[in-house]
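Each remark here refers to the structure printed beneath this line.
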Amino acid sequence: MKKSVDPYALSFESESVRNKQQRHHWMICLAKNPDKLVSWGHAPTHELAESEARKELTDLLSGLTQGGHVSQQNHAVPSARS
């Protein structure tokens, strides 16, 4: 899934990891040069990945960051146990 926020393009991908869990990646690229990765990160849920990506996008647009890898902010991985 790709979303465009000029001058950036935001995309999300999911992958299966151990114990049938998912990891949700987000990537921010330049809209005019989609091969230029500006920032990226991952989270245990799509909602957390989208939230982190939106925060990073806001920081990029306001000039607070130049991009790069964004670390997880103490997100607990949902347990597969009932």
Side-chain angles (χ1 to χ4, degrees):
M1 168 194 306
K2 285 191 178 186
K3 298 178 184 180
S4 182
V5 179
D6 197 47
Y8 301 104
L10 176 60
S11 62
F12 297 91
E13 292 180 9
S14 297
E15 73 172 323
S16 295
V17 292
R18 63 183 178 270
N19 298 328
K20 298 181 184 178
Q21 295 178 357
Q22 292 279 310
R23 179 178 290 164
H24 302 269
H25 298 272
W26 55 267
M27 292 143 288
I28 300 173
C29 298
L30 293 176
K32 291 184 179 181
N33 184 3
D35 291 335
K36 174 75 174 173
L37 181 64
V38 176
S39 187
W40 65 278
H42 60 83
T45 68
H46 180 78
E47 292 80 13
L48 288 173
E50 189 163 343
S51 174
E52 291 297 319
R54 295 272 174 220
K55 287 179 194 173
E56 178 66 2
L57 193 54
T58 300
D59 288 349
L60 285 165
L61 291 169
S62 67
L64 292 175
T65 183
Q66 295 296 311
H69 175 244
V70 176
S71 302
Q72 249 177 288
Q73 301 290 324
N74 296 326
H75 298 302
V77 176
S79 174
R81 293 182 242 171
S82 313

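Numbers here simply count residues along the sequence, with the first being 1.
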- prompt: Between the side chain of Thr58 and the main-chain N/O of Arg54, is any donor-acceptor distance below 3.5 Å?
  reply: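 Here the side-chain-to-backbone pair exists.
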message: Quick check for you: to the nearest 0.5 Å, what is the distance between Glu50 atom CD and Phe12 atom CZ?
response: 4.5 Å
message: To the nearest 0.5 Å, what is the distance between OG on Ser39 and CD on Glu52?
response: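 If we round to the nearest 0.5 Å, Ser39:OG and Glu52:CD are 10.0 Å apart.
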According to side-chain hydrogen bond (donor to acceptor under 3.5 Å, both in side chains), who are the partners of [X], at least two apart in sequence or on a separate chain?
X	value
Ser14	His24
Ser16	Gln22
Glu15	His25

query: Which heavy atom of Ile28 sits nearest a heavy atom of Ala53, and at what distance?
result: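 Minimum heavy-atom contact is CD1-O, 3.9 Å.
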Nearest heavy-atom neighbours spanning Cys29 and Pro34: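 Smallest interatomic distance, heavy atoms only, reads SG-O, 3.4 Å.
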- request: Could you tell me which residues satisfy side-chain contact (heavy atoms from CB on, under 4.5 Å) with Leu30, sequence neighbours excluded, listed by chain and number?
  value: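 Per chain and number, Leu30 pairs via side-chain contact (heavy atoms from CB on, under 4.5 Å) with Tyr8, Asn33, Lys36, Val38.
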Any residue meeting side-chain contact (heavy atoms from CB on, under 4.5 Å) with Thr65, in chain and number order, not counting sequence neighbours: Glu56, Asp59, Leu60
task: Considering only Ile, Leu, Val, Met, Phe, Trp and Tyr, and joining two whenever side-chain heavy atoms are under 4.5 Å apart, list the other residues clustered with Leu64.
output: none
- prompt: Would Val70 end up clustered with Leu61 when hydrophobic side chains under 4.5 Å apart are linked, directly or stepwise?
  reply: yes
task: Answer with yes or no whether the hydrophobic clustering places Trp40 together with Val17; edges join I, L, V, M, F, W, Y residues whose side-chain heavy atoms lie under 4.5 Å apart.
output: no
